[in-house]
Amino acid sequence: MPLPYPVVRERRRLRDVALDATRIGARLVADAARPAAGDEKAAGDYVTEVDRASEAAIRRYLAEATPDVPMLGEEAGGSTDAKIYWAVDPLDGTRNYLLGFPVVGVSVAAVRRTDSGGEPIAGAVIAPFLDLEFAAALSEGATCNDRRIQVSERPVSQAIVSTGFPFRAKHLLPRHLGALRRVLEEAEDVRRPGAASLDLAWVAAGVFDGFFELGLSVWDVAAGALLIREAGGIVTDWNGGDGYLAGDILAGSPQTHEALLWIASTDSKDT
């Protein structure tokens, strides 16, 4: 049954707001003078004045465009105490940014609260140094630079799977490394670009076939997860459930996700 038009219209509006907000942050990131160093929040986890300025600019825009929707940002926090809230990563891949490595993203997603924790319903990811703009709305498909995208159809044996290491939570390394070993055995190869929002967006576009990581946050994964689901892929937590916004995420084309879920469940039994 088709969705009622007011629901469709609202999701499209939130997608457009997310894209405009992401563009504001991306322009600021692209135009700012790159600092020589940032503040280290934790081992390997950096923040710069550009992160803070991008988040503040996005927050101002969202407060005006959607005054009834609170925002949760990586740097300044915020509220999720509403039926819908914004999850914002103002500069994903800050360490890459400091190094001059252009795999940097800005991510904005509207998340609807559910019994399982939440469901992204609109979102955008922009790579400001790569001229890539990804956007999606629930049940409306996903695009990159206004062209419809879909996940890959490659078999698992030819899959390129991306990942990130849980540097904020080193106690998760044994489980991650066990899964990594099995992915290398089953798939063709692995990549580690360093910005989860873009890893997920590239899975949606069929560049990568899958993605797995532990210990992320809702602002890291919300927009990218929606992109993948709208591009025909599957996103779950490591148990195959809907709790991926808590940060333990498996995502990919149907065939690659099936393999990742098998790997994660096998690794869980072995650890």
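Residues: numbered from 1 along the sequence shown. Everything numeric in this text was worked out from a predicted model, so none of it was measured.
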Which heavy-atom pair separates [X] from [Y] by the least distance, and what is that distance?
{"X": "Arg59", "Y": "Gly73", "result": "NH2-N, 4.0 Å"}
{"X": "Val106", "Y": "Pro90", "result": "CG2-O, 3.4 Å"}
{"X": "Ala136", "Y": "Leu226", "result": "O-CD2, 3.7 Å"}
{"X": "Pro254", "Y": "Gly233", "result": "CD-CA, 4.4 Å"}
{"X": "Pro166", "Y": "Leu173", "result": "CD-CD2, 4.0 Å"}
{"X": "Ala204", "Y": "Ala231", "result": "O-CB, 3.4 Å"}

Lys/Arg-Asp/Glu bridge criterion (N-O < 4.0 Å) met for [X], [Y]:
{"X": "Arg182", "Y": "Glu186", "result": "no"}
{"X": "Arg23", "Y": "Asp20", "result": "yes"}
{"X": "Arg60", "Y": "Glu64", "result": "no"}
{"X": "Arg52", "Y": "Glu55", "result": "no"}

Atom pairs and distances, donor-acceptor, side-chain atoms in residues 187-196, under 3.5 Å, two or more places apart:
from   : atom 1 : to     : atom 2 : distance (Å)
Asp189 : OD2    : Arg191 : NH1    : 3.1

Can you list every pair that meets side-chain hydrogen bond (donor to acceptor under 3.5 Å, both in side chains) and has a residue in [range], with sequence neighbours left out?
{"range": "residues 141-151", "answer": "none"}
{"range": "residues 215-224", "answer": "none"}
{"range": "residues 121-130", "answer": "none"}

*Taking the side chain as C-beta and beyond, is there a heavy-atom pair between Leu260 and Phe211 under 4.5 Å?*
no
Verify side-chain contact (heavy atoms from CB on, under 4.5 Å) between Arg12 and Arg9, making sure each step is shown before the conclusion.
CA-CA 5 Å; Arg12 290 173 179 172; Arg9 182 175 59 189; 5.8 Å; no
* To do: List the steps, then state whether side-chain contact (heavy atoms from CB on, under 4.5 Å) holds for Leu19 with Ile126.
  => CA-CA 8 Å; Leu19 187 54; Ile126 292 180; 4.3 Å; yes
Supply the atom-to-atom distance [X] [atom1] to [Y] [atom2], rounded to the nearest 0.5 angstrom.
{"X": "His257", "Y": "Ile228", "atom1": "NE2", "atom2": "CD1", "result": "9.5 Å"}
{"X": "Trp238", "Y": "Ile263", "atom1": "CH2", "atom2": "CD1", "result": "9.0 Å"}
{"X": "Ser107", "Y": "Phe134", "atom1": "OG", "atom2": "CZ", "result": "11.5 Å"}
{"X": "Glu140", "Y": "Arg15", "atom1": "CD", "atom2": "CZ", "result": "6.5 Å"}
{"X": "Asp51", "Y": "Glu49", "atom1": "CG", "atom2": "CD", "result": "9.0 Å"}
{"X": "Thr256", "Y": "Leu250", "atom1": "OG1", "atom2": "CG", "result": "11.5 Å"}

Residues two or more places apart in sequence or in another chain: which of them pass side chain to side chain donor-acceptor pair (under 3.5 Å) with [X]?
{"X": "Asp131", "answer": "none"}
{"X": "Ser197", "answer": "Asp92"}
{"X": "Asp209", "answer": "Ser152, Arg154"}
{"X": "Thr66", "answer": "Trp86"}

Q. Would the number of heavy atoms belonging to other residues, nucleotides or ligands and lying under 6.0 Å from CD of Gln158 be above 12?
A. yes
State whether the number of non-hydrogen atoms from other residues, nucleotides or ligands found under 6.0 Å of Asp16 atom CG is greater than 12. yes
Sorted by chain and number, sequence neighbours left out, ring pair (Phe, Tyr, Trp, His ring centres under 6.0 Å) with Phe165 holds for His176
Sorted by chain and residue number, the ring pair (Phe, Tyr, Trp, His ring centres under 6.0 Å) partners of Tyr244 (sequence neighbours excluded) come out as none
Excluding Val156, membership of its hydrophobic cluster (Ile, Leu, Val, Met, Phe, Trp, Tyr; side-chain heavy atoms within less than 4.5 Å) reads none
* Between Asp237 (side chain) and Asn239 (backbone), is there a donor-acceptor pair under 3.5 Å? -> yes
Does Val50 offer a backbone N or O that forms a donor-acceptor pair with the side chain of Ser54 under 3.5 Å? no
Linked, directly or transitively: [X] and [Y] (ILVMFWY side chains, under 4.5 Å):
{"X": "Leu184", "Y": "Leu214", "answer": "yes"}
{"X": "Ile121", "Y": "Leu245", "answer": "no"}
{"X": "Leu132", "Y": "Ile149", "answer": "yes"}
{"X": "Leu138", "Y": "Val125", "answer": "no"}
{"X": "Val235", "Y": "Leu200", "answer": "yes"}

Take Val221 and Glu213 through the test side-chain contact (heavy atoms from CB on, under 4.5 Å) and record every step on the way to the result. CA-CA 10 Å; Val221 302; Glu213 191 164 349; over 6 Å; no
So the salt bridge (Lys or Arg N to Asp or Glu O under 4.0 Å) pairs with at least one residue in residues 243-264 (sequence neighbours excluded) are none
- prompt: What class does the angle between the rings of Phe129 and Tyr97 fall in, given that below 30° is parallel, 30 to 60° is tilted and above 60° is perpendicular?
  reply: parallel
| Test log, rule side-chain contact (heavy atoms from CB on, under 4.5 Å), inputs Phe212 and Leu180 | CA-CA 9 Å; Phe212 67 102; Leu180 176 62; 4.1 Å; yes
